[in-house]
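Contents: one structure, followed by commentary.
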There are 2 protein chains.
Amino acid sequence: MVNQQKDTEQKIMNAAKDVFQQKGMTGARMQEIADKAGINKALLHYYYRTKEKLFEKVFEMAFSIFIPKMQEIMLSEKPVFEKIEFFIENYMNLLTKHPYIPGFVINELNRNPQILVNIFEKNVQIKENKLFEKFDNQVQAEVQMGIIKPIDTKNLMTNIIGLIVFPIVARPIIQGIMFENDKKQYDAFLKQRKDFVIDFIINSIKA
Amino acid sequence: MVNQQKDTEQKIMNAAKDVFQQKGMTGARMQEIADKAGINKALLHYYYRTKEKLFEKVFEMAFSIFIPKMQEIMLSEKPVFEKIEFFIENYMNLLTKHPYIPGFVINELNRNPQILVNIFEKNVQIKENKLFEKFDNQVQAEVQMGIIKPIDTKNLMTNIIGLIVFPIVARPIIQGIMFENDKKQYDAFLKQRKDFVIDFIINSIKA
DNA sequence: TTTAAATTTGACCAATTGGTTAAACCAAAT
DNA sequence: ATTTGGTTTAACCAATTGGTCAAATTTAAA
C-alpha cells in the first residue's frame, strides 16, 4: 500500500533528522536511526541505499527549510527597514522551532564544504535568482536616497544573521556562562532578543 | 630522556589538536592522530589512556586559549568603550590564528554540554572571578553616568561575541553564498571587519 | 484464488575501531 | 658490562559499524 510506504519513509526521515542533527554525520549510527524509526536496519538501506545518501537528504531538507521564507521576504516590494524587521522576526521564530539546524548545517559544512556546492548544483534556483545582489542594490539605493547610513551590505547581512543565529548555536556556552545554565531564563532571553535585535540593527543603520 | 618524552607528548598533542578540531570527537580516528604524530598507535594509549582522555585535554587547551586575554582586558581599569575596542581587536586577531577552535568548541558543547561543567569544576578560577558580573557593573555604572545608552549587558556581550565569532564558524556558508567561494576575498572581508565591528558596536551604544 | 511485485525481516559479513599485551629497544645508573 | 626503568613497537583482540542477502510477509492486480 502506498500509504504504508509513505509512512515508513516518513518515519525514517523523522528519525534520521533527529539523530543526524543531534550527533552529526560521523556520530550518527544507522542502527539508532532504525530503532528510532521502529524498523529493521536492513529496511533503512532498502529505502536509502547508504548512510551518505540518507545524510544528504536530511541535510538538504534542513537547509531548504530556511530558503522559502528568505526568498519571500527578500523579493517583496517592502523598503529595507521593513524587510529587515520581517527577516529577523521570522527567522528567530523559525529557529525556535528548529534550533538544531544551524549548528548542524554549520558543523557539517566545516567538515565538508563541498556539500554546499552539491546543493547549489542540484537546486539551481537557490543560487540563480541572486537574492543577495538584489538586496544589495536596494540597500545601496536607499543609501543614495539618504534613508540609510552608508554601509557595506555584506557586513550588514553578516551582522543580521550572526545576531540571530549565534545565540542559538552557542547556546550551551552562553547559557552556561551568563545564565548559570538556567534553561527557562535563556528561553526568556531569546524571546526578548527578537525586538532587541531589530532595534539594534535598525538604529545602527538609519540615517 | 626527558626531552624525548616531552617531544613525543608535544607531537601527540599537536596531531590530536589538528585531527580533533577538524573532525570532531566522533569523526577523529586514533590511527590518524598516531600517523600524524609519526608514532605507533599503542604509544598514543601509553601517553593518554583513552580517546576520551586525549579529547578532554585537547578541548581544555582549545578552550583555555581564549581565557587569559579575556581576563586581562575585562579586569583592566579601562573605560567600557576602550575595553570593547581591545576585546574585539584582540579576539579577531586570535581567531585568525585559531579559526577552527570556535566551531570545534561550539559543536562539541552541543553534542555534550556536560563538558563545560567539567571544565568549570577542574578550573575553578575561570568561573570564580565572575568576569561577567564585574563587566556588567561597569557598564551599568557608565549608563548611569550618561556615557552609554541604556542597554542590557547580556545582550551587548552576545552581540559583541556573535559579531566576532559568527563570520568564522559560518565561513563556508557565507563565503559560498556571498563571496562565490573566493578565499582571498573572504580573508580581506574578515580583515576589514575588525574596524567595522568596533565602530558598529560603539556607535550602537554611545549616548 | 492465484500470482507477481513490493516490503520487511533475521542472520550474516567484511572492514574498521578503540584498546591491549608481550616483547624489543634504549638511555642512564651501578 | 649489566641492570633497570621508561619508551616504543608489532601483533593481536573484541566490539562496533555500514552494508548485504535470501527468505518471509504483505499488498495489489489478474
Can you list every salt bridge (Lys or Arg N to Asp or Glu O under 4.0 Å) pair that touches residues 96-108 of chain A, not counting sequence neighbours? A:E108-A:R111
Rounded to the nearest angstrom, tell me the gap between atom CG in B:L43 and atom C1' in D:dA11. 16 Å
B:Y48-B:F55 aromatic ring centre distance below 6.0 Å: no
Taking it one step at a time, do A:Q192 and B:N155 satisfy side-chain hydrogen bond (donor to acceptor under 3.5 Å, both in side chains)? CA-CA 10 Å; A:Q192 62 80 40; B:N155 272 310; 3.0 Å; yes
A cation-pi test, strictly: NZ or CZ of B:K154 under 6.0 Å from the centre of the six-membered ring of A:F179 and no more than 45 degrees from its axis. Yes or no? yes
Phosphate contact (D:dT7 OP1 or OP2) by B:Y46 side-chain N/O below 4.0 Å: yes
All pairs passing salt bridge (Lys or Arg N to Asp or Glu O under 4.0 Å) where residues 70-94 of chain B contributes a residue, at least two apart: B:K69-B:E72
Between the opening five pairs and the closing five pairs of the helix from C:dT1-D:dA30 to C:dT30-D:dA1, how far apart are the helix axes, to 10°? 10°
Can you check whether B:L131 reaches B:Q71 side chain to side chain, under 4.5 Å on heavy atoms? yes
Round to the nearest Å and state the distance from B:F55 atom CZ to C:dG19 atom C1'. 19 Å
Give the B/S/- string for nucleotides 16-22 of chain D, one per nucleotide from 5' to 3', where a protein heavy atom under 4.0 Å of the base yields B, of only the sugar-phosphate yields S, and otherwise -. -SBBBB-
Residues that B:D199 engages under side chain to side chain contact (heavy atoms under 4.5 Å, CB included), provided they are two or more places apart: B:N203
Using whole Å, what does the distance between atom P of nucleotide D:dT27 and atom CG of A:D7 come to? 12 Å
Would you mind reading off the distance between B:L44 atom CG and D:dA10 atom C1', rounded to a whole angstrom? 16 Å
A:I39, nearest nucleotide to its side chain (from C:dT8, C:dT9, D:dT7): C:dT9
Enumerate the side-chain hydrogen bond (donor to acceptor under 3.5 Å, both in side chains) contacts for residues 159-170 of chain B, please, sequence neighbours excluded, ordered by first and then second residue. A:R193-B:N159
